[in-house]
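A short write-up of the structure that comes next.
Chain letters run A, B, ... following the sequence lines, proteins first, then strands; residues in each count from 1.
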Number of protein chains: 2
Amino acid sequence: MLLRIDAGSDAPLYDQLAGSLRADMAAGRVRPGERLPSAREVAAALDVNLHTVLRAYQELRDEGLVDMRRGRGAIVTSAAGELFSLRADIAALGAKARTLGLSADALASLVRDELRQG
Amino acid sequence: MLLRIDAGSDAPLYDQLAGSLRADMAAGRVRPGERLPSAREVAAALDVNLHTVLRAYQELRDEGLVDMRRGRGAIVTSAAGELFSLRADIAALGAKARTLGLSADALASLVRDELRQG
DNA sequence: CGATTAGTTATAGTTGATCTATAACAATCG
DNA sequence: CGATTGTTATAGATCAACTATAACTAATCG
């Protein structure tokens with residue numbers, strides 16, 4: 001598991017953290033049933049506030065990717081496995097968009113809106 | 001062209017506006033060569049500030065989807081046509097993600113990161 | 001040319017999100 | 001029980017988002 005944070009990025013820290021964990025799930029580096037390191041551990045390791053890490057975890061919970069309970073921590077759900085099963089499709093779409101010279105943000109926004117309403 | 005704004009949404013107004021126009025391009029409702037309504041017109045019609053609309057237009061410019069020049073307005077580029085050519089792939093990925101019960105935000109974030117680095 | 005259109009730049013103020021800092025609380029587990 | 005871990009509460013600092021005006025410059029049209 002590789003937790004990256006870029007202070008120079010315009011994206012919020014908790015979004016970066018959640019994105020980092022999401023990518024780990026999609027890549028199969030983090031699997032269903034696994035427990036994420038405790039928020040306090042991560043906060044200490046990355047030198048950010050506890051709440052920042054918890055907000056990232058809650059973002060993943062809202063997406064159905066982890067279950068959270070006090071005393072037990074954040075446990076990866078089966079939805080992470082389903083993300084993993086889409087990795088080839090996502091890579092294919094990304095490659096196609098890249099040859100067309102499309103921006104990451106434009107494509108991501110379209111995909112979001114497609115899944116939300118389309 | 002359908003410009004939607006939802007005040008209750010957590011997304012910034014300029015992102016919503018840009019997303020709305022992007023969706024129009026991907027759907028073929030707005031085509032290369034076409035001129036977008038002037039920022040002042042849109043601002044008046046949606047009752048938002050001129051700068052908010054301009055920021056949305058600049059977002060589209062940064063993504064290569066429009067060219068902007070003073071006196072002439074924002075003109076849709078050929079990149080919009082390439083977005084259109086991806087619509088089927090995007091819809092297919094969205095449908096697959098939907099059957100798996102994945103959230104729009106999770107999938108969109110993965111696609112963004114994929115195109116950025118992967 | 002003169003008037004209009006439309007994006008660009010500048011300044012400033014308000015509101016809300018982000019991040020941090022502490023601390024106490026409640027469920028889980030050995 | 002004691003340690004761990006998420007949850008909740010409060011508060012403060014910093015920055016993004018949005019608004020409001022106004023002046024400026026390039027393009028367009030009669």
### Query
When the distance from CE of Met68(A) to P of dT8(D) is rounded to whole Å, what number comes out?
10 Å
### Message
Tell me the interatomic distance from Asp47(B), atom CG, to dC18(D), atom P, rounded to whole angstroms.
### Response
14 Å
### Task
Look up atom CZ in Arg55(B) and atom CG in Asp62(B), then write down how far apart they are to the nearest 0.5 Å.
10.0 Å
### Message
Taking Phe84(B)'s backbone N and O only, do any of them form a donor-acceptor pair with Arg87(B)'s side chain (distance below 3.5 Å, no angle check)?
### Response
yes
### Task
Could you check how far CG of Leu54(B) sits from P of dA22(D), rounded to whole Å?
18 Å
#### Entry: Value in whole Å for how far the P atom of dC25(C) lies from CZ of Arg69(A)
24 Å
### Task
Let me know the distance between CG of Leu50(B) and P of dA17(D), rounded to the nearest Å.
17 Å
### Task
Working to the nearest 0.5 Å, report the span between CZ of Arg22(B) and CG of Leu17(B).
10.5 Å
### Task
May I ask you to verify if any side-chain N or O of Thr52(A) is less than 4.0 angstrom from the OP1 or OP2 atom of dT20(C)?
yes
#### Entry: Distance in angstrom units between Asp15(A) CG and dC19(C) P, rounded
8 Å
### Task
Among the candidates dT28(D), dA6(C), dT8(C), find the nucleotide nearest to the side-chain atoms of Glu41(B).
dA6(C)
### Task
Could you please name the option among dT19(D), dA26(D), dA26(C) that lies closest to any side-chain atom of Asn49(B)?
dT19(D)
### Message
So if I take every side-chain heavy atom of Arg55(A) and compare against dT18(C), dT7(D), dT19(D), which nucleotide ends up nearest?
### Response
dT18(C)
### Task
Determine yes or no for a side-chain-to-main-chain donor-acceptor pair under 3.5 angstrom, with Gln16(A) supplying the side chain and Asp6(A) the backbone.
yes
### Task
Ignoring backbone atoms, test whether Tyr14(B) places a side-chain nitrogen or oxygen under 4.0 Å from the OP1 or OP2 oxygen of dA17(D).
yes
### Message
Output the rounded distance in Å from CD (Glu59(A)) to P (dA17(C)).
### Response
15 Å
### Message
Starting the side chain at C-beta, find the nucleotide from dC19(C), dT8(C), dT28(D) nearest to Arg72(B).
### Response
dT28(D)
#### Entry: hbond_proxy His51(A) side chain to dA9(D) base (donor-acceptor, 3.5 Å cutoff)
yes
## Note on the structure
Asp67(A) CG to dT28(C) C1', in whole Å, measures 15 Å
### Message
OP1 or OP2 of dG7(C) versus the side-chain N and O atoms of Arg61(B): is any pair under 4.0 Å?
### Response
no
### Task
Give a yes/no answer on whether the side chain of Gln58(A) brings an N or O atom under 4.0 Å of OP1 or OP2 in dG6(D).
no
### Query
Is Arg40(B) touching bases, backbone alone, or none of the nucleic acid, heavy atoms closer than 4.0 Å?
base
### Query
Leu13(B) has a side chain; which of dT5(D), dC18(D), dT20(C) sits nearest to it?
dC18(D)
### Task
Using atom types as modelled and distance alone, determine if a side-chain donor or acceptor of Ser20(A) lies under 3.5 Å from a backbone N or O of Leu2(A).
yes
### Query
Are Arg35(B) and dA6(C) close enough that a side-chain N or O sits under 4.0 Å from OP1 or OP2?
yes
